[in-house]
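See structure below.
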Amino acid sequence: MLKRFGDNQEAFASSSELAPTRLGMTIEEQWPAFKLVGFGFYYAWIWVSYNSNVLVSPWAAYDLPPDTISQTYLVSTLALAMALLLLSLTRDATRRLMGSNLAVMLVALVAGAATVGTYVSSSLGAQGNVLLMTSGALTGLATSVVVLRFGVIYSKVPAREAVMYTAASFVFACMIYFVAIGLPDPVGMGFTALLPVAAVASTLTDAELAAEGVAGRCGESPSRSTRSFFVRLLVAVAVFSVVVGVSRGFAVPHTQVAAMNEEGAIVVFGTGAIAAVLFATVGLLGRSFDVSRLYYPIIIVVAASILVTPLVGGVGFGSQFVTIGYNCFVLMIWCLLSYVAYSSSLPSILVFGLGRGASALGTTAGWMAGLMLVGAHGERMLSLEVISVAMVFALLVVSMLVLNDRLIGETLRGVPKESGIEARGCDSAADDPGGAADAETVLPCTEGDADDEEPHRPGRYRARCLAVAERCGLSPRERDVFDLLVRGRSIDFIAQSLTISFNTAKSHIRHIYVKTDVHSREELIALIDREL
């Protein structure tokens, strides 16, 4: 099943510096989903780092203050949030960074080295431990690049496939977690330090990683509905993250470092089990699956865990159930961010930078607020119960007024206008029921082309596309594929839009490459640009 749902990525090697190695091309051909399921390496690193004592020196595992792990997490997450926000605002430089395999691999090595630094310095505690704080900050800064690397890849995946990829990644991360905590010290630490490197290595098979912005964007602006949905999504992510962060902050004073493996195993196993069920369900339901149906069940799980845990956990919040619910929420949010980046003209770097940045910043703020509330109110049960009710109320208000299942469902079922074929061309193709309008009416344009030509006449870029298609003898169906191909669309999108099989779409693209005498999408765009 993994191989089938991974078939939506192109298997053509690029002649640019982004071309994968021969080994990478072999992996891409045999298992196209590897570069997406490789996201599990990154998430396994998160779970091992902050839901186990693998990165805690064995000499300090039993007497280390709980705020050592807490402060390391806060520093790392805050650095992650700040880096993501900065990278999302400097997209041109970030895009070049994402497109350099060497640069991203070096950043992953920095994350691995900082992971080792966290382990080495953990026995000294958090107070005045400059090395520990520096290592934590470096892990956050470095892994922000890993997050955006996967964000660019996931932006090419339709909504249903994004759910399956992410669920499979969580199951994969669960397996890696149990391997890491089962290894003897310091082998487990070394294994964990290699996870960011493995995550980046899994993406080296993608020959068109930096295709964003190269073709098919036409300079159009996102519609008001898309901007509104994305803003609502960011607000919901931030609020939910704050709420979960507060509950987890309450649990810190009651957490024993030596028991983190047992508590973390509950969280990771529960998350992995839910992800496995989700993966199987989506696979069985096929394209009838609606992601919006996950929204309220996840909200209910998080709200119930916040209300119940003070009653069954004594003086503090038992954070295991809350964390499981939050992990499920992260899974759904990652899928929604993938959909927004996939279906709209919003840059994927902006979408994932702001989206994941809001999550990290909200969790950090909530965690710090939880710690301060515990310090101010001590262990008075009434205050904890009142705070828990207030947090649940905030969840419900946001889930009903800001981002509800109806809005998510409408967005997923109705592709925003700028993501449709009509928004990619100068003339409307809305009347084309198959989404495969004639190439002469929907070939892409560049900004300004539509305004400086007479009505009903093709713009300059469209005219060049038509000239290339005519000169190279493309068939009518090949012109349809050609139209979507130069817009940067994936094979899976082309197949769905034209109601053809994935293999047929690949065959048409091969024929186009042969007839135009090019070897990659970039070369095809360059050929169009040179056309007189």
Quick one: do I512 and V518 satisfy side-chain contact (heavy atoms from CB on, under 4.5 Å)? Show the steps, please.
CA-CA 8 Å; I512 291 171; V518 300; over 6 Å; no
ask   = When you look at D517 and L527, which way does the side-chain contact (heavy atoms from CB on, under 4.5 Å) test go after all the steps?
value = CA-CA 9 Å; D517 193 24; L527 176 66; over 6 Å; no
Q: List the steps, then state whether side-chain contact (heavy atoms from CB on, under 4.5 Å) holds for L78 with L361.
A: CA-CA 6 Å; L78 182 60; L361 191 60; 4.0 Å; yes
#### Entry: Derivation of the side-chain contact (heavy atoms from CB on, under 4.5 Å) call for L350 and L354
CA-CA 6 Å; L350 179 68; L354 295 182; 3.5 Å; yes
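Side chain of S88 to backbone of L85: a donor-acceptor contact under 3.5 angstrom is found. Between the side chain of K515 and the main chain of G473, a donor-acceptor pair closer than 3.5 Å is present. Of the possible polar contacts, none joining the R232 side chain to the L403 backbone as a donor-acceptor pair under 3.5 Å is found. S520 places a side-chain N or O within 3.5 Å of a backbone atom of E523 that can act as its donor or acceptor partner. Of the possible polar contacts, one joining the R521 side chain to the R489 backbone as a donor-acceptor pair under 3.5 Å is found. Checked by atom type and distance alone, the side chain of S155 pairs as donor or acceptor with a backbone atom of V152 at under 3.5 Å.
For W47, the ring pair (Phe, Tyr, Trp, His ring centres under 6.0 Å) partners two or more places apart in sequence, or in a different chain, are Y43, F170. Take F178 and apply the ring pair (Phe, Tyr, Trp, His ring centres under 6.0 Å) test, not counting sequence neighbours, and it matches no residue. In terms of the side-chain contact (heavy atoms from CB on, under 4.5 Å) criterion, residue partners of I176 (sequence neighbours excluded) are, by chain and number, F41, A44, F172, F191, L195.
Of the N and O atoms on the side chains of S338 and Y165, not one donor lies less than 3.5 Å from an acceptor on the other residue. A side-chain donor-acceptor contact under 3.5 Å links S76 and T139. Looking only at atom types and distance, the side chain of Y42 has no donor-acceptor partner in the side chain of S202 under 3.5 Å away.
Residue T94 comes nearest to L87 through the heavy atom pair OG1-O, 2.8 Å, listed as atom of the first residue, atom of the second, then distance. When every heavy atom of L141 is checked against every heavy atom of A83, the shortest pair comes out as CD2-CB, 3.8 Å. The heavy-atom pair separating I491 from A505 by the smallest distance is CG2-CB, 3.8 Å. Across all non-hydrogen atoms, the minimal contact from V197 to M105 is CG1-SD, 3.6 Å. Heavy-atom minimum distance, C472 versus T516: SG-CG2, 3.6 Å. Closest approach of V200 and V104 over heavy atoms only: CG1-CG1, 3.6 Å.
To the nearest 0.5 angstrom, L485 atom CG is 5.0 Å from I509 atom CD1. Note that CG of D483 is 11.5 Å distant from CG of L474, once rounded to the nearest 0.5 Å. Interatomic distance, CD1 of I494 versus OG1 of T504, reported as 12.5 Å (0.5 Å rounding). Here the CG atom belonging to N327 is positioned 13.0 Å from the CE atom belonging to M332, to the nearest 0.5 angstrom. Expressed to the nearest 0.5 Å, how far CD1 of I299 lies from SG of C328 amounts to 11.0 Å. Here the CG atom belonging to L336 is positioned 11.0 Å from the CZ atom belonging to F230, to the nearest 0.5 angstrom.
Between F352 and Y154, the ring center distance fails the sub-6.0 Å criterion. Centroid-to-centroid, the aromatic rings of W334 and F39 come within less than 6.0 Å.
Between V146 and W45, the closest side-chain pair of non-hydrogen atoms is not below 4.5 Å. A heavy-atom distance below 4.5 Å is not found between the side chains of D480 and H508. The closest side-chain heavy-atom distance from L331 to L278 is below 4.5 Å. Here the side chains of R149 and N101 are in contact, with some heavy-atom distance below 4.5 Å. Annotation: side chain of R479 is in contact with side chain of E470 (closest heavy-atom distance under 4.5 Å). Using a 4.5 Å heavy-atom threshold, the side chains of H511 and V514 count as separate. The shortest distance between side-chain heavy atoms of S399 and F240 falls below 4.5 Å. In this structure, F482 and V468 have side chains that are in contact, with non-hydrogen atoms separated by less than 4.5 Å.
Between T271 and the options V330, T323, I324, a side-chain contact (heavy atoms from CB on, under 4.5 Å) holds for only I324.
Counting heavy-atom neighbours within 6.0 Å of M175 CE, excluding the residue itself, gives a total of 12 or less.
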